[in-house]
2 protein chains.
Amino acid sequence: MGRPKQFDPDAAVEQAMQVFWRKGYAATTPQDLVDALGIGKGSLYNAFGSKHALFERALVRYRDGQAQALIDLLEQSGSVKDRLRDALRLLVELDLGDPDRRGCLAVNTAAERAMTDEAATELVRRMFDRTEGAFRALIEEGQRAGEVASGRDARAIGSQLLATAVGLRLLARVAEGPDRLSRVIDATIDSL
Amino acid sequence: MGRPKQFDPDAAVEQAMQVFWRKGYAATTPQDLVDALGIGKGSLYNAFGSKHALFERALVRYRDGQAQALIDLLEQSGSVKDRLRDALRLLVELDLGDPDRRGCLAVNTAAERAMTDEAATELVRRMFDRTEGAFRALIEEGQRAGEVASGRDARAIGSQLLATAVGLRLLARVAEGPDRLSRVIDATIDSL
DNA sequence: CAAATTTTGTACCCACAGTTCAAGAATTGA
DNA sequence: TCAATTCTTGAACTGTGGGTACAAAATTTG
């Protein structure tokens, strides 16, 4: 019943996510979104209700795509240290390879929207929780395999790795080259 | 000659810094600044020229005050690990004690303004450089004192500590309690 | 084909961001 | 005291942010 949408909502959310990622929430205007999505303002508000609602959908999409990708990487096979190093290296490579240097949308959102946007903050918190959990699981696996000293607190190391990854992606936003970021990875692996 | 200013420019920049810190750059309006500074709009623009110019002055003030404070802390006396732990703990304590949970202005600015604000980005870069240098110097001191393994690359550990501190302050913006942040500190000290 | 729904894009709206300006007030020097 | 100078205040201005209203058009169901 009724006329079907002329555009793919998923593709539209994807485009919106790209814009929010590049410009941040406050600096993104409805006009930016209309331009990027290639639909009229009326369609945009009819389909998504508000700028903020669209932002939330963009965050969810980010979580299910980008944020999940890191976790998947960590759950592959191979030596624990190798997997961790590879994952962090890929992160740095992607960040520095991005001409817009957008870093991580979750990190940027935490910085910009914490305390004023409960929905966004909660989504970001959950993403951080999951990432920390994946790091912790990896460390526990490393301990079982004898790659990581069993005496250390796997949960604490998981938190530490989360902080490092978050710091890495924030630093990537202003980094002039790969050197500092590479050093972070080296020292991180070396400290396990 | 001429009518003297009715307000203290330093105090005004301090107030502006507090507002930018709490709300971010884009979300801070001239009206917010006028309210916080207690002066008229005309005076504001007469004294500082533009919102952006005032933001730069606020960042410089942050660098000379807040950012320098951490570096000073690291240069005190005592065991290297104790100093590092104390400094990180103080950071977490301040962040969680702040009712607005503003985190670090340099970190927030990197997230919000990188790639669109060269002056701000450059200021933030320099702050990160200095902090990294202070961490590195601390590690080198620890190596001379036999507190830190001499075989490890002090520069890399310095970078790693910078990433950790940055991540810590970003996480503080969305943290629900001190647990995760405390674990980060424990694992960090434990890894030296 | 008719009826019912939904989409679309344009036009429109109000508030406010960011800035400028004119008029007046305080100061110093002559 | 006048002139020159620098500051203050608040009104005014321009552009845009974020969103709504609407009429026309497009599809689906029956």
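Residue numbers start from 1 in every chain, and the chains themselves are labelled A, B, ... in the order their sequence lines are given, proteins ahead of strands.
Within residues 9-18 of chain A, no residue has a heavy atom under 4.0 Å from DNA chain D.
A salt bridge does not link Glu141(A) to Arg144(A): none of the charged side-chain nitrogens sits closer than 4.0 Å to a carboxylate oxygen. A salt bridge links Arg85(A) with Asp82(A): the distance from a Lys NZ or Arg NE/NH1/NH2 to an Asp or Glu carboxylate oxygen falls below 4.0 Å.
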Reading 5' to 3' through nucleotides 9-17 of chain C, protein heavy-atom contacts under 4.0 Å coded B for base, S for sugar-phosphate only, - for none | BB------S
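Geometrically, Lys51(A) engages Tyr25(A) in a cation-pi contact, judged by NZ or CZ lying under 6.0 Å from the ring centre and within 45° of the ring axis.
You'll find the side chain of Phe128(A) reaches within 4.5 Å of the side chain of Val124(A), heavy atoms only.
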Nucleotide pairing, DNA chain C (Watson-Crick or G-U, distances under 3.5 Å), in dot-bracket with [ ] and | | ||||||||||||||||||||||||||||||
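With a 4.5 Å cut-off between side-chain heavy atoms of Ile, Leu, Val, Met, Phe, Trp and Tyr, the cluster of Leu90(B) takes in Leu73(B), Leu94(B).
Under the side-chain hydrogen bond (donor to acceptor under 3.5 Å, both in side chains) criterion, the residue pairs touching residues 107-116 of chain B are Arg113(B)-Asp117(B), with sequence neighbours excluded. Residue pairs satisfying the side-chain hydrogen bond (donor to acceptor under 3.5 Å, both in side chains) criterion with at least one member in residues 168-179 of chain B, sequence neighbours excluded, are listed as follows: Asp95(B)-Arg169(B).
Screening Phe48(A), Phe20(A), Tyr62(A) against Phe55(A) for a ring-ring contact (aromatic ring centres under 6.0 Å, His included) leaves a single residue, Phe20(A).
Comparing dT19(C), dG19(D), dT8(D) by their nearest atom to the side chain of Asn46(B) picks out dT8(D).
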